[in-house]
Protein chains: 2
Amino acid sequence: MVRPSTRNPKLDDVAARAGVSTATVSRFLNNPDIVAAGTAVRIRAAIEEMQYVPNLLAGGLASSRSKMVAVLIPHLVDSLFDRTIETMVEELNAGGTMVMLALTGTAAGRTEAMIRAAMGRQVDAIVSTAPLSAETTALIQHFPGLFVQIWDLPAEPPGIAVGFSHVEIGHDLARFIYERGYRRPALVSAELGRARLRRDGFVKGWEAHSDTPVKEIAVDSPSRFGHARRVFAELRRQPERPDVVVCGSDSLAQGIIVEANAAGLKVPDQLAVVGFGNASVASDMRPTITTVEIDGAQIAREVNAAVRSHVSGVAPKQRSVNVGFRIIARESA
Amino acid sequence: MVRPSTRNPKLDDVAARAGVSTATVSRFLNNPDIVAAGTAVRIRAAIEEMQYVPNLLAGGLASSRSKMVAVLIPHLVDSLFDRTIETMVEELNAGGTMVMLALTGTAAGRTEAMIRAAMGRQVDAIVSTAPLSAETTALIQHFPGLFVQIWDLPAEPPGIAVGFSHVEIGHDLARFIYERGYRRPALVSAELGRARLRRDGFVKGWEAHSDTPVKEIAVDSPSRFGHARRVFAELRRQPERPDVVVCGSDSLAQGIIVEANAAGLKVPDQLAVVGFGNASVASDMRPTITTVEIDGAQIAREVNAAVRSHVSGVAPKQRSVNVGFRIIARESA
DNA sequence: GCTCCTTATGCAAGCGCTTTCATTGACGGA
DNA sequence: TCCGTCAATGAAAGCGCTTGCATAAGGAGC
């Protein structure tokens with residue numbers, strides 16, 4: 001790579017070239033409206049000519065606003081959060097804020113390290129999908145930025161929360177499939193965290209309608225297409241074959257449909273399938289997949305709005321934002 | 001959120017508490033081995049007691065090493081790069097380096113803004129999947145960090161490149177399907193960038209074997225499951241129905257299989273399908289999908305190694321690293 | 001015993017910005 | 001004409017670290 005022979009220009013250089021003080025250039029950069037039009041023109045020219053790129057580390061240090069937001073998710077591949085992340089990153093990028101992506105894995109422990117790393121970089125906000133341990137919650141008390149928990153609505157979030165009720169989803173799903181006439185549901189669910197909450201909601205909800213027990217099948221988190229073979233095999237082993245299977249993700253639902261087809265079972269006539277997440281595949285699959293839609297982009301927008309208002313010194317209006325969910329009835333159930 | 005009543009501790013405070021100078025604490029933080037064992041113990045205790053979190057913005061400013069790497073990709077959802085990104089982030093996080101994720105979209109223009117944003121934050125490296133425009137290449141000349149282009153091997157990368165040859169993939173795929181006995185290939189490809197290169201390689205390669213023209217079907221980038229319906233319809237409209245369809249992604253391949261099944265066509269007997277990327281679904285689908293495997297994690301590891309050596313002042317060994325690819329023959333073709 | 005290293009540490013000058021406070025000049029009103 | 005106001009700008013003190021240079025103390029070699 002070519003190394004520049006001269007050091008990169010700094011604010012001083014631009015100021016000198018434009019014949020103003022560094023303060024004025026700084027103002028131009030951060031708040032163009034408060035410098036005189038003529039001055040602005042000269043500064044703009046100087047910046048252009050020198051190819052000046054402001055050092056935002058220095059700026060952040062001086063202003064203690066880093067224009068960075070940390071986002072913590074367990075994984076990236078096959079993640080339910082991809083649309084949320086994508087929307088957050090796009091919107092924030094457009095506003096000049098960058099997103100630091102931190103992967104915490106499914107085990108605990110790494111979350112705290114990532115939060116420290118984020119705090120050390122003076123991020124304006126930390127957005128996390130994972131609930132916090134007691135130690136981490138203590139750590140967050142010293143964090144001057146905004147802490148946002150997403151995809152869930154804990155009763156007492158350490159900062160603010162933007163999400164929805166997993167219990168309610170389970171509950172509504174139970175009613176939904178009962179009303180559609182299904183009577184022997186199987187529930188494929190991971191055993192931890194939110195999947196667990198949905199499971200609890202579902203089982204409780206189902207008990208309100210029927211005495212038939214819910215057949216439960218556990219999978220690793222997150223629910224994936226690859227689980228389908230084993231899950232389907234287990235379904236077939238049941239003495240009373242379930243008439244509907246409720247999955248923890250659309251890709252697992254898709255996998256079940258594929259397995260059912262391969263086994264010559266008609267979906268939904270012989271086995272109905274319900275997904276979760278409304279991934280794009282849910283509407284493209286044949287049959288199209290009945291699923292629960294979470295508006296991930298909406299979560300992102302709420303988070304971004306909260307971050308923006310926090311940065312400009314306004315306290316967020318509410319501790320919790322419930323973006324809700326929607327059961328989308330399609331062909332598969 | 002609870003606001004701390006006292007300001008967060010800084011290096012000075014830790015130094016005072018440990019009875020040493022700030023220089024020593026700084027050394028302890030960055031290079032523990034060079035401080036005396038006893039001193040280290042006291043400093044460690046002070047840090048612990050005060051819950052000290054170093055300000056890495058200040059550190060980065062002083063040292064001009066930010067321990068941040070920017071990664072530029074077009075999209076996050078349905079991205080071929082997810083495994084590469086995931087591995088990069090995980091490995092770098094483990095070493096205390098954070099990843100700034102920037103989304104450039106498919107249109108040009110945003111790339112330059114993202115590169116500026118990254119440079120302004122003094123990142124140690126910029127990793128980009130997109131080729132650079134002339135202006136952006138000029139901009140990069142002033143970038144003191146490492147620029148890494150991934151998923152491609154341009155002849156003269158602005159920095160270094162880690163990738164593979166798309167032309168070669170197309171070429172090898174043509175031979176592969178010819179050797180498997182297929183004679184009327186359809187190629188479903190986006191018309192831009194690398195998909196275009198694979199297409200060119202394929203067509204050239206095919207011409208070496210057969211006079212039958214390759215039936216080409218264009219789709220938007222990136223190739224998605226959702227394109228399958230239209231593509232399949234178009235395939236059926238052909239007077240000479242293709243016997244194999246080569247897709248730009250595994251999810252599109254999967255979609256084609258679903259459509260074929262729905263139409264009562266047997267895969268691969270009546271229509272063979274080839275994917276690209278070896279997503280997890282490729283091995284889980286029924287039939288399993290013949291595809292091209294790119295070792296995204298390997299790309300990430302090569303990138304990380306280059307970044308590490310660059311940061312420690314060692315020039316990378318080579319301008320280009322070819323991680324190759326592998327055609328995986330499965331049931332679908 | 002003296003000199004010369006080596007190791008551990010301290011001093012203090014930045015790193016490149018932001019922002020408070022002060023200053024200047026122009027303008028409108030009385 | 002004079003004063004108050006306001007818009008535009010400048011001077012300079014940080015923001016919280018890192019690091020080159022200097023120093024001190026101990027040990028080895030003669």
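Per chain, numbering begins at 1; letters A, B, ... match sequence-line order.
Distance check, rounded to the nearest 0.5 Å: CG of A:Asn55 to CG of A:Leu11 gives 10.0 Å. Rounding to the nearest 0.5 Å places CD1 of A:Ile43 at 11.0 Å from OH of A:Tyr52. For the atom pair A:Phe147 CZ and A:Leu72 CG, the distance stands at 7.5 Å (nearest 0.5 Å). Rounded to the nearest 0.5 angstrom, A:Leu29 CG and A:Arg27 CZ are separated by 12.5 Å. To the nearest 0.5 angstrom, A:Thr104 atom OG1 is 7.5 Å from A:His75 atom NE2. Between the CZ atom of B:Phe143 and the CD1 atom of B:Ile115 there is a distance of 8.5 Å, given to the nearest 0.5 Å.
Sorted by first then second residue, the side-chain hydrogen bond (donor to acceptor under 3.5 Å, both in side chains) pairs that include residues 35-47 of chain A, not counting sequence neighbours, number zero.
Annotation: proximity of residues 113-126 of chain A to DNA chain C (heavy atom, distance under 4.0 Å) is found for no residue. Taking every heavy atom of residues 35-44 of chain B and every atom of DNA chain C, pairs under 4.0 Å involve B:Val35, B:Ala36, B:Thr39, by number.
Tested against B:Leu76 for a side-chain contact (heavy atoms from CB on, under 4.5 Å), the candidates A:Glu86, A:Met88, A:Glu90 yield a single pass: A:Glu86. For the pairing with A:Val69, the side-chain contact (heavy atoms from CB on, under 4.5 Å) check across A:Val89, A:Val123, A:Val127 returns one residue only, A:Val127.
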(request) Using a 4.0 Å cut-off on protein heavy atoms (strictly under), produce a 5'-to-3' string for nucleotides 14-26 of chain C with B for base contact, S for backbone-only sugar-phosphate contact, and - for none. (result) BBBBBBB------
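Closest approach of B:Gly60 and A:Leu57 over heavy atoms only: C-CD2, 3.8 Å.
Axis orientation changes by 40° from one end of the helix from C:dG1-D:dC30 to C:dA30-D:dT1 to the other, with each end axis drawn from 5 pairs and the value rounded to 10°.
In this structure, A:Arg110 places its CZ atom where more than 12 heavy-atom neighbours from other residues, nucleotides or ligands lie under 6.0 Å away.
Applying the side chain to side chain donor-acceptor pair (under 3.5 Å) test to B:Arg116 and every residue at least two apart in sequence or in another chain returns B:Glu112.
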